[in-house]
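Keep in mind that what you see is a predicted model, and the values were worked out from it rather than measured.
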Amino acid sequence: MNTIYLKAYAKINLALDVLRRRPDGYHEVRMIMQSVRLHDRLRITRTRTPGIRLKTNLDFLPTNENNLVYAAANLFFEQFPQDYGVNIQLDKRIPVSAGMAGGSTDAAAALFGLNRLFQTGLSLSELQKLGVKLGADVPYCLLRGTALSEGIGEILTPLAPAPSCHVLLVKPPVSISTKHVYEHLSLDESTVHPDIDGMIDAIRRKSLPDTAALLSNVLESVTRREYPAIADIEDTMREFGALNALMSGSGPTVFGLFSDRGRAEKAFYHFKTGPCGRQTFMTAFFQPAVSDIRHK
């Protein structure tokens, strides 16, 4: 096997709570993460020439250590030196800086693929310990599916698969700094925290209405105030029949959960023909049942 093809799935946060700021500056979180079928693609080819060569379909993306795919490959070779190198082609479909862990999921796919390609035999747990060095979301992106995420995001507990539905993703044309959001987040007695345990129970019962009713993201206390487009998109999705809508991560992407495909499609075409058109996607939850890798 000299070439491996991988799918790197985006994630959304069905619930995101921030518990406190730790002495080391990181925030302690409690989140329910969910993979969706929107994905990037990676092709990794082993070469006889040492080194990492990365190409992407987007001219503005870096192809050096500032790209998490390159950083993942570099970390892998530092841990497991090889006489070979790799050519990596990254085809992006997940919007960049969107709150959907696009960079983290690409890094996770790269680590997973390199482990297979060079037959280093790392377990999922070992890959996750390596991946957390690249970012707190990377361990989850190796796990995928429905999971409870705690600590700084690296403590993961797999959950029962979330009830299936139609998922509309819309990224408004604004840029949001994750650092800015966390720096301006105020946690006090008036903070409304998501009912994480209630959502876990709703997911276990396979109740889509109850799961949707509990969508909540504490970071919206910052973003909805500073970026009205986020609230406008959520409201419009509900008007089109979404059971509920929420910002994913630190934003700005908004997702809506629909039980009715027809209503979801009407909402999709509404946003697709508007200013968010290029960043509007219809998708669904992804649950990893079988490997999504083919190789040759």
Side-chain angles (χ1 to χ4, degrees), residues 3-13 33-45 52-76 86-117 127 131 134-145 153 167-178 233 247-255 268 271-272 274-286 288 291-295:
T3 299
I4 190 164
Y5 298 83
L6 307 110
K7 295 177 180 179
Y9 291 90
K11 68 84 187 168
I12 57 175
N13 302 88
M33 314 278 269
Q34 176 62 54
S35 304
V36 295
R37 292 190 174 276
L38 177 65
H39 61 272
D40 295 337
R41 293 179 181 269
L42 284 83
R43 183 183 73 239
I44 307 176
T45 300
I52 303 164
R53 288 158 291 278
L54 172 64
K55 293 183 179 180
T56 81
N57 62 321
L58 300 178
D59 293 339
F60 61 85
L61 288 181
T63 55
N64 54 20
E65 61 277 0
N66 293 319
N67 188 302
L68 277 177
V69 170
Y70 189 105
N74 193 50
L75 177 62
F76 178 85
V86 287
N87 289 336
I88 304 176
Q89 175 65 45
L90 169 62
D91 292 322
K92 291 288 297 179
R93 288 194 67 227
I94 302 170
V96 177
S97 300
M100 291 191 289
S104 294
T105 194
D106 294 340
L111 286 177
F112 187 92
L114 291 166
N115 184 46
R116 289 284 300 272
L117 195 61
L127 284 171
L134 299 165
D137 281 342
V138 176
Y140 165 74
C141 292
L142 283 157
L143 176 67
R144 303 177 301 178
V167 182
L168 177 61
L169 301 171
V170 178
K171 181 192 175 189
V174 298
S175 297
I176 296 180
S177 162
T178 299
I233 292 171
M247 181 187 76
S248 180
S250 59
T253 301
V254 173
F255 66 90
F268 170 79
F271 286 107
K272 196 69 176 174
C276 303
R278 295 183 64 184
Q279 305 289 293
T280 299
F281 305 88
M282 269 281 288
T283 186
F285 291 160
F286 169 77
S291 174
D292 284 280
I293 298 174
R294 58 187 176 88
H295 55 268

From [X] atom [atom1] to [Y] atom [atom2], the distance as rounded to the nearest 0.5 Å:
X    : Y    : atom1 : atom2 : result
M247 : F255 : CE    : CZ    : 10.0 Å
K11  : S248 : NZ    : OG    : 4.0 Å
R37  : T283 : CZ    : OG1   : 7.5 Å
T280 : L168 : OG1   : CG    : 6.5 Å
I52  : L54  : CD1   : CG    : 9.0 Å
N115 : F76  : CG    : CZ    : 6.0 Å

| Does any non-hydrogen side-chain atom of T3 lie less than 4.5 Å from one of R43? |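 They are in contact (side-chain heavy atoms under 4.5 Å apart), so the answer is yes.
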| message | A side-chain contact here means heavy atoms from C-beta on lying under 4.5 Å apart; do C276 and K171 qualify? | response |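 Of all side-chain heavy-atom pairs linking K171 with C276, none is under 4.5 Å.
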Shortest non-hydrogen contact between [X] and [Y], atoms and distance:
X    : Y    : answer
S35  : G145 : OG-N, 2.8 Å
V138 : A107 : CG2-CB, 4.4 Å
S250 : T178 : OG-OG1, 2.8 Å
A8   : L42  : CB-CD1, 4.0 Å
L111 : L127 : O-CD2, 3.9 Å

Counting only pairs under 3.5 Å, give me each side-chain donor-acceptor contact of residues 89-100, with atom names and distances, residues two or more places apart or in other chains.
unit_1: Q89; atom_1: NE2; unit_2: D91; atom_2: OD1; d: 3.2
unit_1: K92; atom_1: NZ; unit_2: D40; atom_2: OD2; d: 2.7
unit_1: K92; atom_1: NZ; unit_2: D106; atom_2: OD2; d: 3.1

| query | Should the pair F286 and Y9 be assigned to parallel (<30°), tilted (30 to 60°) or perpendicular (>60°) ring geometry? | reply |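 Rings of F286 and Y9: parallel, under 30°.
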| From CA spacing to verdict: side chain to side chain contact (heavy atoms under 4.5 Å, CB included), D137, T105 | CA-CA 8 Å; D137 281 342; T105 194; over 6 Å; no
| task | Test side chain to side chain contact (heavy atoms under 4.5 Å, CB included) on V86 and R53 and set out the steps. | result | CA-CA 6 Å; V86 287; R53 288 158 291 278; over 6 Å; no
| query | In chain order, what residues pass the side-chain contact (heavy atoms from CB on, under 4.5 Å) check against P62, with sequence neighbours excluded? | reply |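 Checked P62 against side-chain contact (heavy atoms from CB on, under 4.5 Å); matches are N64, N66, N67.
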| task | Report the C-alpha distance between F285 and I12 in whole Å, list the side-chain angles of each, state the deciding distance to 0.1 Å, and finish with yes or no for side chain to side chain contact (heavy atoms under 4.5 Å, CB included). | result | CA-CA 9 Å; F285 291 160; I12 57 175; 4.0 Å; yes
